[in-house]
Visitor: 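Here's a structure for you.
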Amino acid sequence: MDSVRGNKKNLSGESVRPVTIAQVAREAGVSKTSVSRFLGGELDALSENIRQQIDSTIARLGYQPNQMARGLKRGRTRLIGMVVADMLNPYTVAVLQGVEAACQQHGYTLILCNTGNDEQRERQSLAALRSYSVEGLIVNTQGRNIQSSDLQQADMPIVLVDRRIEGADFDLVGLDNVQAGRLATAHLIEQGFDAIAFVAPPLTGVSSRLMRAEGFQAVMAEHPGCVGAVLAVDLDDRPSIDAQVRHCLAQWRGRRVALLASNGMVALELALMLQRLELRMPQDVGLLGFDELPWSPLAGLSTIEQQTYEIGFSAMTCMLSRLQGEQCPPREVLLPGKLIVRHSTRGGDAGKDGD
């Protein structure tokens, strides 16, 4: 199993049989066990002379071990699977960078599956990764309708990123969403906004959105002089987004209105909507969004920044501890959000014309 799969061809186009461990051992004048130990890194078990003989023979013959076959033989592939809900989301890309960095640091290879927020593709991806004999799974699920049994049957360490799954007892790494929701809402109220809409795609089944909304509603309840609403929007239906925001503005006429976007994609759509409706930030409407994006400073957008790289790196760190046999109860690693204040939520005289 340790030879190269498939036959190579020489310059004449003739097939050449792959070099095997047996050939390396014969040419080097050593046993197959010695060659296997050399390839497995058990160098202390071999003399310096034997190590040099094997090394020079491998180089001369061009032997290339089949790493996948060797890994399966030992029960170790050093492959980690990662399932993400939306590869187009900048949050996902940033988290992925952290996971990849930790994988490279510890000698693992990452296999990525993007489900495009499709439930069927998510289940197919999980099944495919199991067939590749990955050692563990890092999952940023789309969050709706996936059952804990879909993951538990994988029979391997699993770490969830950002979103919980009901009934699933796995490690979770992500933002402290309740704290971040409270931080964002308190900032808006401190800046003089007394009518705030939390705007998100449908909340059903997506724990991160639900918990951000929970933080928002908790702070609103502490300020009875303020009014608030949770708006569920379809990001592909811009006329509907416009209509819902117009309704809030009409209902809250005379108040200082702000929109709290549940993620970066929502913040972008709301910024474009304000431009379409010729509404100014923050004079007509304040806007604060989760996720610090490259365009946020350009738009003067206040944000709640997530430690996305650290979330990814921490997820892989949790995975490594499980692979090394740690048996502690499921952990939650929740990182705090950081408020970055810009023009879009400025208080004081910002609401006056001509400011």
Side-chain angles (χ1 to χ4, degrees), residues 1-2 40-41 65-87 92 95-174 205-208 308-335:
M1 290 182 67
D2 282 321
N66 187 323
Q67 298 293 351
M68 177 65 78
R70 294 178 66 237
L72 288 172
K73 187 175 181 180
R74 294 183 176 89
R76 297 294 303 276
T77 62
R78 301 197 76 80
L79 297 175
I80 298 297
M82 185 171 181
V83 178
V84 300
D86 183 7
M87 196 62 219
T92 301
V95 170
L96 175 61
Q97 290 174 340
V99 175
E100 283 186 317
C103 282
Q104 291 173 6
Q105 181 175 315
H106 295 279
Y108 284 82
T109 298
L110 187 67
I111 300 178
L112 178 67
C113 291
N114 175 38
T115 70
N117 285 306
D118 182 272
E119 298 166 17
Q120 184 61 31
R121 282 174 59 185
E122 186 164 85
R123 291 189 173 88
Q124 291 171 347
S125 295
L126 291 170
L129 288 171
R130 288 197 298 270
S131 73
Y132 293 146
S133 298
V134 297
E135 294 187 31
L137 285 171
I138 297 175
V139 181
N140 175 222
T141 174
Q142 52 84 29
R144 294 184 301 275
N145 299 325
I146 188 169
Q147 303 299 315
S148 60
S149 58
D150 294 329
L151 296 177
Q152 288 167 338
Q153 66 181 335
D155 192 29
M156 67 181 71
I158 292 175
V159 178
L160 302 178
V161 172
D162 186 48
R163 296 172 178 175
R164 293 178 171 84
I165 296 175
E166 187 175 353
D169 295 327
F170 304 119
D171 292 337
L172 170 75
V173 181
V206 183
S207 65
S208 56
T308 45
Y309 179 93
E310 290 78 7
I311 288 172
F313 200 96
S314 296
M316 186 58 196
T317 300
C318 285
M319 175 62 67
L320 288 168
S321 71
R322 294 300 185 184
L323 291 173
Q324 292 164 3
E326 188 169 345
Q327 297 295 322
C328 68
R331 298 160 291 190
E332 285 194 357
V333 180
L334 301 180
L335 304 181

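Positions are given from 1, in the same order as the sequence printed here.
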Visitor: Are the side chains of I111 and V134 in touch, meaning some heavy atoms are under 4.5 Å apart?
Guide: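 A side-chain contact exists here, since the closest heavy-atom pair is under 4.5 Å.
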
Visitor: Go through Q97 and T308 one step at a time and tell me if the side chain to side chain contact (heavy atoms under 4.5 Å, CB included) criterion holds.
Guide: CA-CA 9 Å; Q97 290 174 340; T308 45; over 6 Å; no

Visitor: Enter the distance from H106:NE2 to L320:CG here, rounded to the nearest 0.5 Å.
Guide: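 Reported to 0.5 Å precision, the distance equals 5.0 Å.
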
Visitor: Compare every heavy atom of A101 with every heavy atom of Y309, then report the nearest pair and how far apart it is.
Guide: OH-CB, 3.1 Å

Visitor: Run the side-chain contact (heavy atoms from CB on, under 4.5 Å) test against T109 and tell me which residues pass, sequence neighbours left out.
Guide: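 Listed in chain order: L79.
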
Visitor: If you measure from OG on S314 to CE on M319, what distance do you get to the nearest 0.5 Å?
Guide: 13.0 Å

Visitor: Pair I138, V99 - check side chain to side chain contact (heavy atoms under 4.5 Å, CB included), show working.
Guide: CA-CA 9 Å; I138 297 175; V99 175; 3.8 Å; yes

Visitor: Under the side-chain contact (heavy atoms from CB on, under 4.5 Å) test, which residues partner A127, sequence neighbours left out?
Guide: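 Expected list: R130.
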
Visitor: Please enumerate all residues that pass salt bridge (Lys or Arg N to Asp or Glu O under 4.0 Å) together with R322, with sequence neighbours excluded.
Guide: D171

Visitor: Which residues pass the side-chain contact (heavy atoms from CB on, under 4.5 Å) test with Q120, not counting sequence neighbours?
Guide: D118, Q124

Visitor: Provide the closest heavy-atom pair for M82 versus L129 in the form atom of the first, atom of the second, distance.
Guide: N-CD1, 4.1 Å

Visitor: Evaluate E326 against R331 for side chain to side chain contact (heavy atoms under 4.5 Å, CB included), listing each step before the verdict.
Guide: CA-CA 11 Å; E326 188 169 345; R331 298 160 291 190; 3.4 Å; yes

Visitor: Would you please name every residue forming a side-chain contact (heavy atoms from CB on, under 4.5 Å) with R78, sequence neighbours left out?
Guide: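 Checked R78 against side-chain contact (heavy atoms from CB on, under 4.5 Å); matches are R76, Y108, E135.
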
Visitor: How long is the gap from CG on L172 to OG on S207, to the nearest 0.5 Å?
Guide: 7.0 Å

Visitor: Indicate the atoms forming the closest heavy-atom contact of N140 with V161, along with that distance.
Guide: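 The pair with the smallest heavy-atom distance is ND2-O, 3.1 Å.
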
Visitor: Atom CD1 in I158, atom SG in C318: separation rounded to 0.5 Å?
Guide: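 Atom-to-atom, I158:CD1 and C318:SG are 13.5 Å apart.
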
Visitor: What residues form a salt bridge (Lys or Arg N to Asp or Glu O under 4.0 Å) with E332, not counting sequence neighbours?
Guide: R164

Visitor: Minimum heavy-atom separation for V173 to I311, with atom names?
Guide: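 Looking at all heavy atoms of both residues, the shortest contact is CG1-O, 3.4 Å.
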
Visitor: Testing the basics here: between L112 and M87, what is the closest heavy-atom pair and its distance to 0.1 Å?
Guide: CD2-SD, 3.7 Å

Visitor: For M316 versus I80, what's the shortest heavy-atom pair and its separation?
Guide: CE-CG1, 3.7 Å

